[in-house]
**Student:** 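Before we start, here is the structure in question, set down as structure tokens.
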There are 2 protein chains.
Amino acid sequence: MARKPADQSVNREAILLAAADVLRQNGYEATTMKDIAARVGLTAASLYHHFKSKDFLLLSVLEIGLEHAIARLEPLLHATDLPCSERLRRMIATHIIEVADNTAVGAAMVFEIRSLMNAKLSPRNGLTEADYAEFIERREAFFRRRDVFEGLFKQIIRQGINSGEFRPVDAGIVTKAMMGAQNWVGVWYKPTGRLSGPQVAEIMADTFIHSLLNATPQPAPRQETSHI
Amino acid sequence: MARKPADQSVNREAILLAAADVLRQNGYEATTMKDIAARVGLTAASLYHHFKSKDFLLLSVLEIGLEHAIARLEPLLHATDLPCSERLRRMIATHIIEVADNTAVGAAMVFEIRSLMNAKLSPRNGLTEADYAEFIERREAFFRRRDVFEGLFKQIIRQGINSGEFRPVDAGIVTKAMMGAQNWVGVWYKPTGRLSGPQVAEIMADTFIHSLLNATPQPAPRQETSHI
DNA sequence: GCTATAATCGAACGGCGATTTAATTCTATC
DNA sequence: GATAGAATTAAATCGCCGTTCGATTATAGC
């Protein structure tokens, strides 16, 4: 009957951050409400004051992560004073730095989407009809936004191809390759590793830009051709 | 007390294939022994005749998938009559075709490694001390083999750089990018999609090869530089 | 201070899933 | 055709997890 004497009021955002972190380590199914609650000094029951269910909590985590990522990338896409290659380079680098910096949200984006799709909820159980409808709606909105996110990269690639700056490639597949490489960073990157986040970002961005440029670029590339 | 009149004797391999398939759809934690058993017309209890535990089952799935992949790639690495670019191209394409063809094993490789690491087993519970030791040992062997797999790609990149065929890049990071892009195929690829597995494989392989080649390649690239 | 509301808690409920057990059926071999 | 071992099963165990509920405490506005 007693209650924790600690400071009250853990806000929604703190819970979401903690959840993202636990989720990255354990995955949705293996993560218990107790785990998440413990990270913010609460009990599992308390979480239900902030979120309707575990599914809604996962959904919220993914939503803020995705919106954050889109918000950072969109301005870069529209920096029309820069050539496509430079815009794309910055987009890739920006996102990778973000993923390396906050692997929680990044990795969650990779791994937990399947859990979201398989979310086994039905109007029965506790959930209200309205709650069920809300979940379905928000989940579909999320997938639409994910397509938007991917579209940011696809757009700039197409633009570069049309302007002749990039060689003609299948923009869809190249985009998928980028997504995979970028997402994967959240899985293997460790802050204690050989390279920093920005360093990794630069190398990867360079790799993809190089794969898109024509064989005869305008500015001479600074590079030795041969060395033992 | 009765028993299924169906054909008896479901062999180990059939179970592993079924498990890989269910695993890809649901993930390790969300997959029940009952799910796997149902795919091969058995009950959950029957699986324990073939595997010591769910953890061992997962481990076995990953082991065969990885060995299969390595076996297909190793010959290509050692085809020294071909230039590095061609060898790498074939390695990438081969693996992507494999992943697209058998998304089960491919996706499992991506997703379930975390479950493997977090496998919450201890000598207590049912597990024997010996069983526990065996699991730990096999798991570490698996991770070593995974490094070998990744090393196949890293090696050929380094070789190409040393021979001057590839431009100097950070082989480690480029390899990670390849791993991410390749693994990701198992997540988004659908046989009913716009492109076939081999088509996807060719485009992706081309993308990465292009990112490695020097600006002045020996054979003239066949490509229009500009088009409206 | 009083009251409404927000935030939290302990405890209990209900279900499900991994695993065990003991029994049953198949299959091959002698 | 008896027997041993392999393969399978139903049923029970045991623990955990999501969720609910009623009660308790903090906080803010009056």
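Throughout, a chain's letter reflects where its sequence line sits, starting with A, and its residues are numbered from 1.
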**Student:** Cation over ring, A:Lys52 on A:Phe135, under 6.0 Å and within 45°?
**Tutor:**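 Here A:Lys52 fails the 6.0 Å and 45° test against A:Phe135.
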
**Student:** Write down the distance between CG (A:Asp35) and P (D:dG18), rounded to a whole number of angstrom.
**Tutor:** 8 Å

**Student:** Which one, D:dA10, D:dA6, C:dT8, comes nearest to the side chain of B:His49?
**Tutor:**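 Within the option list, the nearest is D:dA6.
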
**Student:** Rounded to whole angstrom units, what separation is found between the CG atom of A:Asn26 and the P atom of D:dG18?
**Tutor:**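 For the pair A:Asn26 CG and D:dG18 P, the rounded distance is 12 Å.
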
**Student:** Taking CZ from A:Phe51 and P from C:dA7, how many angstroms apart are they, rounded to a whole number?
**Tutor:** 11 Å

**Student:** Please identify each residue that fulfils side chain to side chain donor-acceptor pair (under 3.5 Å) with A:Arg87, with sequence neighbours left out.
**Tutor:** none

**Student:** Per the salt bridge (charged side-chain N to carboxylate O under 4.0 Å, His left out) rule, what does the pair list look like for residues 174-183 of chain B, sequence neighbours excluded?
**Tutor:** B:Glu150-B:Lys176

**Student:** For B:Gln155, which residues count as a side chain to side chain donor-acceptor pair (under 3.5 Å) partner, sequence neighbours excluded?
**Tutor:** none

**Student:** OP1 or OP2 of C:dC9 sitting under 4.0 Å from any side-chain N/O of A:Thr43?
**Tutor:**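 Answer is yes, contact under 4.0 Å.
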
**Student:** What N/O pairs connect the protein and nucleotides 14-18 of chain C at under 3.5 Å? Give each pair on its own line.
**Tutor:**
from: C:dA18; atom 1: OP1; to: B:Thr31; atom 2: O; distance (Å): 3.2
from: C:dA18; atom 1: OP1; to: B:Lys54; atom 2: NZ; distance (Å): 3.0
from: C:dA18; atom 1: OP2; to: B:Met33; atom 2: N; distance (Å): 2.9

**Student:** For A:Arg194, what residues pass the side chain to side chain donor-acceptor pair (under 3.5 Å) criterion, not counting sequence neighbours?
**Tutor:** B:Asp170

**Student:** Please state how far atom CZ in B:Arg12 lies from atom P in D:dT8, giving the value in whole angstrom units.
**Tutor:**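 Computing the B:Arg12:CZ to D:dT8:P distance gives 14 Å.
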
**Student:** Phosphate oxygens OP1/OP2 of D:dA7: is one of them under 4.0 Å from a side-chain N or O of B:Ser46?
**Tutor:** no

**Student:** For B:Arg39, what residues pass the side chain to side chain donor-acceptor pair (under 3.5 Å) criterion, not counting sequence neighbours?
**Tutor:**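 Scan of B:Arg39 (side chain to side chain donor-acceptor pair (under 3.5 Å), adjacent residues dropped) gives B:Asp21.
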
**Student:** Measuring from the side chain of A:His50 (C-beta onward, heavy atoms only), which nucleotide among C:dT8, C:dG10, C:dT20 has the closest atom?
**Tutor:**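 So the nucleotide nearest the side chain must be C:dT8.
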
